[in-house]
K.L.:
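First the structure, then my questions, so here it is.
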Amino acid sequence: MIFLKSKEEIEKIRAASRVVVEVLRRLKQEAQPGVSTWDLDRIAEELCISMGAVPAFKGYRNYPASVCFAINSEVVHGIPSKKKILKEGDILGMDFGVCLDGFYSDSAITIPIGHVSPIAQRLLEVTRNSLYRGIEKAYPHNRLFDISHAIESYVEQEGFSVVKTFVGHGIGRSLHEEPQVPNFVPHNGNWSKGIRLKAGMVIAIEPMVNVGRPDVRILDDGWTAVTVDGSLSAHFEHTVAILEEGPVILTQFEE
Ligand code: MF3
Ligand code: CO
């Protein structure tokens, strides 16, 4: 069941998104060599609550923290830890969501810590660009997999690979709603183009891109997804409303 959102409901998701953007902006400032992901999680949770919002991930399927981090070959869902201390040259994914006034918003960025290698820099650019390639297809009357195909074909053209294990999602009164939004065109023997997009849909598009092979495995903590081949991985996510006029990025991050 896909829930179409009214203008008023989209405004509520926009209000939740403002908190998400503020928190990610603050995390981006605070993420420096010597800082732990545990420190960052504390900062995020405190700022979120001070803005009247509830961290969306804490307690979700027993996830123990407010932010999901991913350093270097970690793909997504890394649990904050005092032992995870940032160092120059790392790339750091930060995924954060909130619930405000009954509506959710969800966004992720991956940032360089100081100077990073040329390949890391390229990975960040390609992954961010792939998100925007997908968003550009989020028009009413297009098909869902137009988004997926735009992301996948761009990433592969750039020589990187798209993670297939996790997907984006509808979002609204729940963190995860239908439809699932894959970053690749699924073909189970058929070549479906996916559902037709409609004005009022709100979706979180979240490509995860690896430098090497697409395969991931989950560490013994039950959460942290890492690349099997140890290659670098990046993740960007926006919550996007599909309006008659086209896509509106509710979690736009002002530089
Ligand atoms: N952006 C991720 C998602 O939408 C974050 C969820 S992590 C969890 O699936 F901790 F909430 F599970
Ligand atoms: Co998400």
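Ligands are counted one by one from 1 in listed order, and the atoms in each one are counted from 1 as well.
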K.L.:
Pull out every atom of ligand 1 sitting under 4.0 Å from any heavy atom of Y60, numbered as shown with elements.
P.N.:
8 (C), 11 (F), 12 (F)
K.L.:
Please determine if K5 and E11 form a salt bridge, counting it only when a charged side-chain N lies under 4.0 Å from a carboxylate O.
P.N.:
no
K.L.:
Please note down the angle at the Co ion (ligand 2) between OD2 of D106 and OE2 of E206, to the nearest 10°.
P.N.:
170°
K.L.:
List every atom of ligand 1 that sits less than 4.0 Å from any heavy atom of E237, numbering the atoms from 1 in the order shown and giving each element.
P.N.:
1 (N)
K.L.:
Short N/O distance, under 3.5 Å, between E206 and ligand 1?
P.N.:
yes
K.L.:
Is K84 paired with E74 through a side-chain N to carboxylate O contact shorter than 4.0 Å?
P.N.:
yes
K.L.:
Please could you name the atoms of ligand 1 that C68 approaches to less than 4.0 Å, counting only its heavy atoms?
P.N.:
7 (S), 10 (F)
K.L.:
Looking only at N, O or S atoms, find the one in E237 nearest to the Co ion (ligand 2) and name it.
P.N.:
OE2
K.L.:
Charged N to carboxylate O below 4.0 Å: is that the case for D229 and R213?
P.N.:
no
K.L.:
Among all protein heavy atoms, pick the one closest to atom 1 (N) of ligand 1 and tell me residue, atom and distance.
P.N.:
D95 OD2, 2.6 Å
K.L.:
Report yes if W223 has an N/O atom closer than 3.5 Å to an N/O atom of ligand 1; otherwise report no.
P.N.:
no
K.L.:
Which heavy atom of the protein is the closest neighbour of atom 10 (F) of ligand 1, given with residue, atom name and distance?
P.N.:
Y63 CG, 3.2 Å
K.L.:
For D146 and K137, indicate whether the former's side chain and the latter's backbone hold a donor-acceptor pair under 3.5 Å.
P.N.:
no
K.L.:
For H77, counting its heavy atoms only, list the atoms of ligand 1 lying under 4.0 Å from any of them.
P.N.:
7 (S)
K.L.:
At less than 2.8 Å, would any N/O/S atom of H176, backbone or side chain, sit next to the Co ion (ligand 2)?
P.N.:
no
K.L.:
Considering only NZ, NE, NH1 and NH2 on the basic side and carboxylate oxygens on the acidic side, decide whether D39 and R42 come within less than 4.0 Å.
P.N.:
no
K.L.:
Under 3.5 Å, side chain of S161 to main-chain N/O of G212, donor-acceptor pair present?
P.N.:
yes
K.L.:
When you measure from the heavy atoms of R61 to every atom of ligand 1, does any distance fall below 4.0 Å?
P.N.:
no
K.L.:
Would you say K58 touches ligand 1, if touching means a heavy atom closer than 4.0 Å?
P.N.:
no
K.L.:
State if F166 counts as touching ligand 1 under the rule of any non-hydrogen atom under 4.0 Å.
P.N.:
no
K.L.:
Just which atoms of ligand 1 are under 4.0 Å from any heavy atom in H169?
P.N.:
3 (C), 4 (O)
K.L.:
Going only through I, L, V, M, F, W and Y residues with side-chain contacts under 4.5 Å, is there a path from I218 to V75?
P.N.:
yes
K.L.:
Could R133 and E136 be called an ion pair, given the rule that one side-chain N must be under 4.0 Å from one carboxylate O?
P.N.:
no
K.L.:
Does the S36 side chain pair with the main chain of I85, one donor and one acceptor, at a distance under 3.5 Å?
P.N.:
no
K.L.:
Please determine if the Co ion (ligand 2) has an N/O/S atom from D95 lying under 2.8 Å away.
P.N.:
no
K.L.:
Does the T251 side chain pair with the main chain of T239, one donor and one acceptor, at a distance under 3.5 Å?
P.N.:
yes
K.L.:
Could you identify the single nearest non-hydrogen protein atom to atom 9 (O) of ligand 1 and state the distance to 0.1 Å?
P.N.:
H176 NE2, 2.8 Å
K.L.:
How about H77 and F166: are their ring centres within less than 6.0 Å of each other?
P.N.:
yes
